[in-house]
There are 2 protein chains.
Amino acid sequence: MRIGQLAQLVGVETQTIRFYEQQGLLPPPDRQDNGYRVYTEKHGEGLAFIRRCRILGLSLAEIHELQSYQDDPHQPCTAVNALLDDHISHVRSQITALQALEKQLVSLRASCNDDREVEACGVLAGISEGNMHQ
Amino acid sequence: MRIGQLAQLVGVETQTIRFYEQQGLLPPPDRQDNGYRVYTEKHGEGLAFIRRCRILGLSLAEIHELQSYQDDPHQPCTAVNALLDDHISHVRSQITALQALEKQLVSLRASCNDDREVEACGVLAGISEGNMHQ
DNA sequence: ATTGACCTTATAGTAGCTTTATAGTTTAAA
DNA sequence: TTTAAACTATAAAGCTACTATAAGGTCAAT
């Protein structure tokens, strides 16, 4: 299987595959005589794993960590769960921060209707004067 | 006022100030004979405005846009409000996406306790098999 | 023989800074 | 007065996770 087919199969661009290889997330595949990369099903699984992790918001470094656990399957999986717990709490704090931000933005927006000149705009005034009550 | 004092006043690093200048967000200040930048209160206000916008999650491009409105204070402020409305809806969709993600992560986490070997880890299995029901 | 689709590498660009390197200036202590 | 700490300057690289571009080699079909 060549890089284009693999890319289509998993739904990524070929450059992304080369990028993952370069980053050490995908093992370097064999090459044909002409230099073309040749992939196996294992590569497909590996790539799909990476993509699912990315969809879950894991960083490449975290994926690397998970892979190192996969390579040593008889450890306890405490570290895997800890990684996920960390990630969950990270996502939760992002949500909290964004909700606070939304409140702030909405109240800022409420300070102006659309019928003013920029000079008298409540939104700009609000930002300029720092009416942002944290 | 030199760059270090301004930085301390507003709570940013000196490099950040130079960066904003380079990006055209802060007007280039006068220089002393030795080349040191000399800032006025206006610069302080401008920098504080930028920082408050950043805290509100606005991009440098959006800040630039707001500044262009400030420079022409007799337009109607419709565009300012529109920019903010866009940003609010952007933040809201981020929140929605993160909440969906959190649900997914929590259910993945629930598929494993900590007393297994990596080989049998429900979390890794869940990702590997793509039990991610969108 | 040439077109088109595919493959290769290397390099730069994206956002918003932060870090590093290298060097000149000011200020305070020894 | 010397010297060292603290400040300033510029330029360039690093960060994340790709995406895009350039310049070229390979292959099948026409």
Side-chain angles (χ1 to χ4, degrees), chain A residues 1-26 28-40 43 46-67 83 86-87 90-91 94 97 101, chain B residues 1-26 28-40 43 46-67 83 86-87 90-91 94 97 101:
Chain A
M1 188 194 248
R2 294 194 314 200
I3 197 168
Q5 298 171 272
L6 178 61
Q8 199 166 18
L9 189 69
V10 181
V12 299
E13 307 234 5
T14 55
Q15 303 102 308
T16 306
I17 296 175
R18 292 191 199 99
F19 172 74
Y20 288 154
E21 178 184 336
Q22 186 197 317
Q23 298 297 306
L25 291 168
L26 266 183
D30 287 342
R31 301 284 186 129
Q32 289 177 350
D33 291 345
N34 57 16
Y36 287 14
R37 291 171 175 80
V38 187
Y39 292 98
T40 66
H43 288 100
L47 182 53
F49 180 84
I50 295 170
R51 286 275 85 192
R52 286 190 216 104
C53 288
R54 293 292 300 129
I55 289 167
L56 294 173
L58 298 173
S59 69
L60 299 192
E62 288 168 324
I63 296 171
H64 209 81
E65 201 180 328
L66 286 184
Q67 289 179 333
L83 191 156
D86 276 1
H87 189 58
H90 180 231
V91 168
Q94 266 184 274
L101 178 58
Chain B
M1 187 193 245
R2 295 194 314 198
I3 197 168
Q5 298 170 272
L6 177 60
Q8 198 165 20
L9 189 69
V10 181
V12 299
E13 306 234 6
T14 56
Q15 302 101 308
T16 305
I17 296 176
R18 292 192 199 100
F19 172 74
Y20 288 153
E21 178 184 337
Q22 185 196 318
Q23 299 297 304
L25 291 168
L26 266 183
D30 287 340
R31 302 282 186 132
Q32 290 179 349
D33 292 346
N34 55 17
Y36 287 14
R37 291 170 175 81
V38 188
Y39 292 99
T40 66
H43 287 101
L47 182 54
F49 180 83
I50 296 171
R51 286 274 86 195
R52 285 189 217 103
C53 287
R54 293 292 299 131
I55 288 166
L56 294 174
L58 298 174
S59 69
L60 299 191
E62 288 169 325
I63 296 170
H64 208 82
E65 201 180 328
L66 287 183
Q67 289 178 333
L83 192 156
D86 278 0
H87 190 58
H90 179 230
V91 167
Q94 267 184 274
L101 178 57

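All chains are named by letter (A, B, ...) in the order of the sequence lines, taking the proteins before the strands, and each is independently numbered beginning at 1.
Between Tyr36(A) and dC27(D), a side-chain N or O to OP1/OP2 separation shorter than 4.0 Å is absent. Side-chain nitrogen and oxygen atoms of Arg31(B) include none within less than 4.0 Å of the OP1 or OP2 phosphate oxygen of dT8(D). Remark: Arg37(B) is in phosphate contact with dT10(D), judged by side-chain N or O atoms under 4.0 Å from OP1 or OP2. Side-chain N/O atoms of Asn34(A) include one lying less than 4.0 angstrom from OP1 or OP2 on dC27(D). The side chain of Thr16(A) contributes an N or O atom lying less than 4.0 Å from OP1 or OP2 of dT19(D). Side-chain N/O atoms of Arg2(A) include none lying less than 4.0 angstrom from OP1 or OP2 on dA5(C).
Rounded to an integer number of Å, the gap from Phe19(B) CZ to dT19(C) C1' is 14 Å. One interatomic measurement links the two molecules: CD of Glu13(B) to C1' of dT19(C), which rounds to 10 Å at whole-angstrom precision. When the P atom of dA11(D) is taken as reference, atom CD of Gln15(B) falls 15 Å away, rounded to whole Å. A straight line from CD1 of Ile50(A) to C1' of dA17(D) spans 12 Å, rounded to a whole angstrom. As a whole-Å value, the separation of Arg54(B) CZ from dG16(C) C1' is 6 Å. dA28(D) atom C1' lies 14 Å from atom CD of Gln32(A), rounded to whole Å. Rounded to an integer number of Å, the gap from Ile3(B) CD1 to dT10(D) P is 8 Å. At whole-Å resolution of the value, CG in Asp33(A) and P in dG25(D) are 18 Å apart.
Residues Leu58(B) and Leu83(B) form a side-chain contact, since some pair of their non-hydrogen atoms from C-beta on lies under 4.5 Å apart. Between Ile17(B) and Arg37(B) there is no side-chain heavy-atom pair separated by less than 4.5 Å. Side-chain contact check for Leu47(B) versus Tyr39(B): every heavy-atom pair is 4.5 Å or farther apart. Taking 4.5 Å as the limit, every side-chain heavy atom of His64(B) sits out of range of all side-chain heavy atoms of Gln23(B). Residues Phe19(A) and Glu13(A) form no side-chain contact, since every pair of their non-hydrogen atoms from C-beta on lies 4.5 Å or further apart. When side chains are defined from C-beta on, Leu26(B) does not count as touching Arg18(B), because their heavy atoms never get closer than 4.5 Å.
Nearest-nucleotide assignment on DNA chain C puts the 5′-proximal partner with Gly35(A), out of Gln22(A) and Gly35(A). Along DNA chain D, the nucleotide closest to Arg18(B) and the one closest to Ala61(A) are compared, and the more 5′ of them pairs with Arg18(B).
For the helix from dA1(C)-dT30(D) to dA30(C)-dT1(D), the terminal axes (five pairs an end, C1' atoms, rotation from four pairs onto the next four) enclose an angle of 40°, given to 10 degrees.
For the pair His87(A) (side chain) and Glu62(A) (backbone), a donor-acceptor distance under 3.5 Å is absent.
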